[in-house]
Each structure stands twice: as structure tokens, then as C-alpha cells.
Amino acid sequence: MKLAKKIVLITGASSGIGAELARRAAAAGARLALVARRADRLEKLAAECGPDTLVLAADLSSLEACCAAVDQTVDKLGGLDVLLLNAGISSNLPVAEVSDPALFSTVMQTNYFGPVHCAWRALPHLRRSRGAIVVVSSLQGKAGFPGFAAYSASKHALHGFFDSLRAEQDDVQITIACPGPVATEIGDGRPESSQKGIMSAGRCAEIIVAAVESGKREVVMTAAGKLGVWLRPFLPGLFDRIVRKKTQRFFLKNGSG
Ligand SMILES: NC(=O)c1ccc[n+]([C@@H]2O[C@H](COP(=O)([O-])OP(=O)(O)OC[C@H]3O[C@@H](n4cnc5c(N)ncnc54)[C@H](OP(=O)(O)O)[C@@H]3O)[C@@H](O)[C@H]2O)c1
């Protein structure tokens, strides 16, 4: 699905991959609704994306906020063609070190229920426009990584939900994107895209837009990510050992998800 002239709602547009997706979608000629909690960031980005851009400050961990974001986009922009579900938070703590188990539901609320609630509300509109849903998952949606149980579980859950939704109907194209480590603000650290194995947010957004425009069901990023996903069913023990080593290097040190 080409993005030109499409009405695109992007969640988590105030920074990182979401902001870069907004810039690329605007450059492709889409009309945008930008959603996140930090309104000041969204306003600045909207000024870059064109005068029609709608800014919706919302905390998408609540059902009401998700419904309102979809409803306002449809009311103010006149419909909905693409729902880009990108908002997410990370969690970087081994399970044995979690002192408050509320962490597990907090991560699930934003990373899983947020996208599910937005998609549920948007579905009738997207079926009408024969539109698309784009879900920003992670390599951690394909395999569990040490130190990221809550995060990884929330991303796995997205695959179950959106693969089922895809199987239920043909009207709405569904693309699930699985980036590896990307240089953004997520987590505790700030990895640089110049570091080996860390992708820039711009490159990640470019890959996601290309996947949507070519109608891909799923895009797994980086050669190492593709190799890991292929290897895991055959050699799960070896996969876990490699991931433990890599996670130490990329995630536990940098705090990204
Ligand atoms: N960076 C990586 O290494 C990496 C790897 C794989 C997948 N991902 C995924 O990529 C997506 C984007 O993350 P990013 O790396 O670009 O990090 P980021 O710069 O921290 O962006 C996260 C976005 O989500 C928004 N957000 C978080 N909680 C929200 C809530 N409750 N309601 C509304 N918006 C909320 C944030 O905006 P506000 O704070 O303004 O609300 C922000 O715009 C996430 O789903 C993440 O899991 C990232």
C-alpha cells in the first residue's frame, strides 16, 4: 500500500522510530495524526510534517485514550487508512530482580493492550478503506532475551493477536516489523547508531515504510536477526547461548529494546 494521500495515525510519534516514520510518511504525501504523551515534541514534529497534521496528546495505556485517538483522527481528517502502532516502553530487569510485579502489567498495558485497543477501535474504518495496520514489534517478539521478560512477552503477544487478526479477514493488510537494536531514547541508555550492530531510527523507519508499501506480512531486521530466527527452531540451546552473549553486549549495556 502506497502512503501517498493516505490518512495515517502514528502512535509513539514524539521520538525515535515513530518520529522518523512520521517524517517519511509525510514526505511520501500522507496526512498524519501523531499520538504520544509529550505534546510539545509532537507539535514540533507536526510543524515539519505539514499544516494538516493532527496532534493528539494521549496516554495510550488506557482504553478510553486509544478509542479517542482513533475517533478524533477519523472525525478531523475524514477517515483512516493506516494505523501505525509504534508506541512502546522497554523493561530491563531480570525476573529474579523484579521487586514490584506491577511492572509486568505496566509493560503489557502500553506495549500490548495499547495496540490491541487502537486496532479494535480502528478496524471498522480500516475495513472500509481497505487499509493497513503496521505493528512495531521487535526481535524480542520472536524470541525471549535475558533481562527483558516483560518486554519480550508483550511483543510476543502482539504477534499472536495480529497474526490471528490477519487470518480472520482479507480487507486490512497487516505488517509486523521486528527491529533489532535501534539508537533511540527507549530504555535507560542512549546507544549511538555508529556502534556496531545498532541501527539508526531513520534506517529502521525506511525499512518499515518499504515493508508496508510492498505489502509484507512481517519484516525481521538485520542479517543477525534473520539468521537467529532461522536457527532457533533447529538449535535452541545454541541460540540461547548466543543471545545471552549478544544481549549482554547490546541490551544490558545500552538499555534499548
Ligand atoms: N530502540 C530499539 O532498540 C527497538 C528495538 C525493537 C523494537 N523497538 C520498538 O520500537 C517502538 C518505538 O520505540 P523507540 O525505540 O523509537 O523508542 P522511543 O524513542 O522511546 O519511542 C517510544 C515512543 O512511544 C511513546 N509512548 C510510550 N509510552 C506511551 C504511552 N503510554 N502512550 C502514548 N505513547 C507512548 C513515546 O512517547 P511519549 O513518551 O511522548 O508518550 C515515544 O514516542 C517501540 O514499540 C519499541 O518497543 C525498539
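Hydrogens, waters and symmetry mates play no part in the numbers below; they use all other heavy atoms, side chains included. In listed order, ligands and their atoms are each counted from 1.
Between atom 35 (C) of ligand 1 and the options Ala183, Ala87, Ser90, the minimum heavy-atom separation is to Ala87. When the heavy-atom distances from atom 39 (O) of ligand 1 to Arg37, Met221, Glu20 are ranked, the shortest goes to Arg37. When Asp40, Leu60, Val182 are checked for heavy-atom proximity to atom 2 (C) of ligand 1, Val182 turns out nearest. Evaluated by nearest non-hydrogen atom to atom 5 (C) of ligand 1, the leading choice among Pro181, Ala19, Gly180, Ser138 is Gly180.
Ring orientation note: the planes of Tyr151 and Phe148 are nearly perpendicular, at an angle over 60° on the 30°/60° scale.
Residues satisfying the ring pair (Phe, Tyr, Trp, His ring centres under 6.0 Å) test with Phe239, not counting sequence neighbours, are none.
Contacts of Ile89 with ligand 1, taken as heavy-atom pairs under 4.0 Å, involve the side chain alone. Heavy atoms of Ala65 found under 4.0 angstrom from ligand 1: none, in either backbone or side chain.
Using modelled atom types, no side-chain atom of Lys142 and backbone atom of Cys178 make a donor-acceptor pair closer than 3.5 Å. For the pair His156 (side chain) and Gln140 (backbone), a donor-acceptor distance under 3.5 Å is present.
For the ring-ring contact (aromatic ring centres under 6.0 Å, His included) condition, no pair includes a residue of residues 157-176, sequence neighbours left out.
Residue contacts with ligand 1 include Lys155, since one of its heavy atoms falls under 4.0 Å from the ligand. Ligand 1 is never approached by Arg41 to a heavy-atom distance shorter than 4.0 Å. Note on ligand 1: Thr11 sits outside its first shell, no heavy atom being nearer than 4.0 Å. Look at Ala58 and you'll find a heavy atom under 4.0 Å from some atom of ligand 1. Using a 4.0 Å heavy-atom cutoff, Ser137 is listed among the residues neighbouring ligand 1.
Residue Met1 is tested with Lys6, Arg130, Glu213 for a side chain to side chain contact (heavy atoms under 4.5 Å, CB included); the sole match is Lys6. Tested against Val107 for a side chain to side chain contact (heavy atoms under 4.5 Å, CB included), the candidates Ser90, Ser91, Ser152 yield a single pass: Ser91.
When each atom of ligand 1 is checked for a heavy atom of Val136 under 4.0 Å away, the hits are 9 (C), 10 (O), 11 (C), 45 (O). Interface of Ala13 with ligand 1, defined as ligand atoms under 4.0 Å from a residue heavy atom, comprises 43 (O). Near Gly16, with a cut-off below 4.0 Å to any heavy atom, the atoms of ligand 1 are 16 (O), 19 (O). Annotation for ligand 1: atoms under 4.0 Å from non-hydrogen atoms of Asp59 are 30 (C), 31 (N), 32 (N).
Summarising the geometry of Ala87 relative to Asn111, their closest heavy-atom pair is O-OD1, 4.5 Å, with the distance given to 0.1 Å.
For a threshold of 3.5 Å applied to N or O pairs, the pair formed by Gly12 and ligand 1 contains at least one separation below that value. Residue contacts with ligand 1: Ile17 is placed with a nitrogen or oxygen under 3.5 Å of a nitrogen or oxygen of the ligand (distance criterion only).
Considering only heavy atoms from C-beta on, Leu45 comes within 4.5 Å of Leu34 through its side chain. Considering only heavy atoms from C-beta on, Leu123 comes within 4.5 Å of Leu165 through its side chain.
The local environment of CZ in Arg217 is sparse, with at most 12 non-hydrogen atoms from other residues, nucleotides or ligands closer than 6.0 Å.
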